Amino acid sequence: MNDIDKQTVVGVLNRLLEAELAGVVRYTHYSFLVFGFGRIPIVSWLRTQADESLVHAQQVGEWITALGAYPSLAIGPLLDSHKTDIGAMLRESLETEAQALGLYRELLAQVEGKSVALEEFSRQMILAEEMHAAEVDKMLRKPGELAAFAQQIA
Ligand SMILES: [Fe+2]
């Protein structure tokens, strides 16, 4: 633990805290704007994502204070695209989740071989965020389409 560059690690953790908190607000906001037949399961899925982002934010915040640093009270960028179509929400979510995933990878690069616990934490978060992105990618495919959505737009 003493081998890590604490200032850099806390910097990454604070950006993650802000990104996860932005996720809480973003998913909650989306959940108000779902209309149509699919509303009930989609609202419930979006609220589950908001809850998960909050748990992630809390875990990240606990790490910041465990390292003896002060957690940011800021929140990541929130873009109101005024979209009420589910596809647009999911594409936006895929984009912002990819940024969070990038930050968890940055965290892993910082702590790898230096802190077993932080390394374990970042790997678990990378797993969770990648599985989440894969789920959203599948939701963005048309029924019967096998190719990943991310590959189609790449
Ligand atoms: Fe997350």
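Note that the structure is predicted; figures quoted are calculated from it, not measured. Just so you know, ligand 1 is whichever comes first in the structure, and atom 1 is the first atom listed for that ligand.
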> How would you list, by chain and number, every residue that makes a side-chain hydrogen bond (donor to acceptor under 3.5 Å, both in side chains) with Glu120, sequence neighbours excluded?
Replying inline: Gln124
> Which protein atoms of type N, O or S are found under 2.8 Å from the Fe ion (ligand 1)?
Replying inline: Glu20 OE1, Glu20 OE2, His56 ND1, Glu129 OE2
> Would you call the rings of Tyr104 and Phe121 parallel, tilted or perpendicular if under 30° counts as parallel and over 60° as perpendicular?
Replying inline: perpendicular
> Taking the side chain as C-beta and beyond, is there a heavy-atom pair between Lys114 and Glu119 under 4.5 Å?
Replying inline: no
> Does the side chain to side chain donor-acceptor pair (under 3.5 Å) test come out yes or no for Tyr30 and Glu92, once each step is laid out?
Replying inline: CA-CA 11 Å; Tyr30 288 159; Glu92 237 172 58; 2.5 Å; yes
> Which residue pairs pass the side chain to side chain donor-acceptor pair (under 3.5 Å) test when at least one of the two sits in residues 64-76, sequence neighbours left out?
Replying inline: Glu18-Ser72
> Who passes side-chain hydrogen bond (donor to acceptor under 3.5 Å, both in side chains) against Asn14, sequence neighbours left out?
Replying inline: none
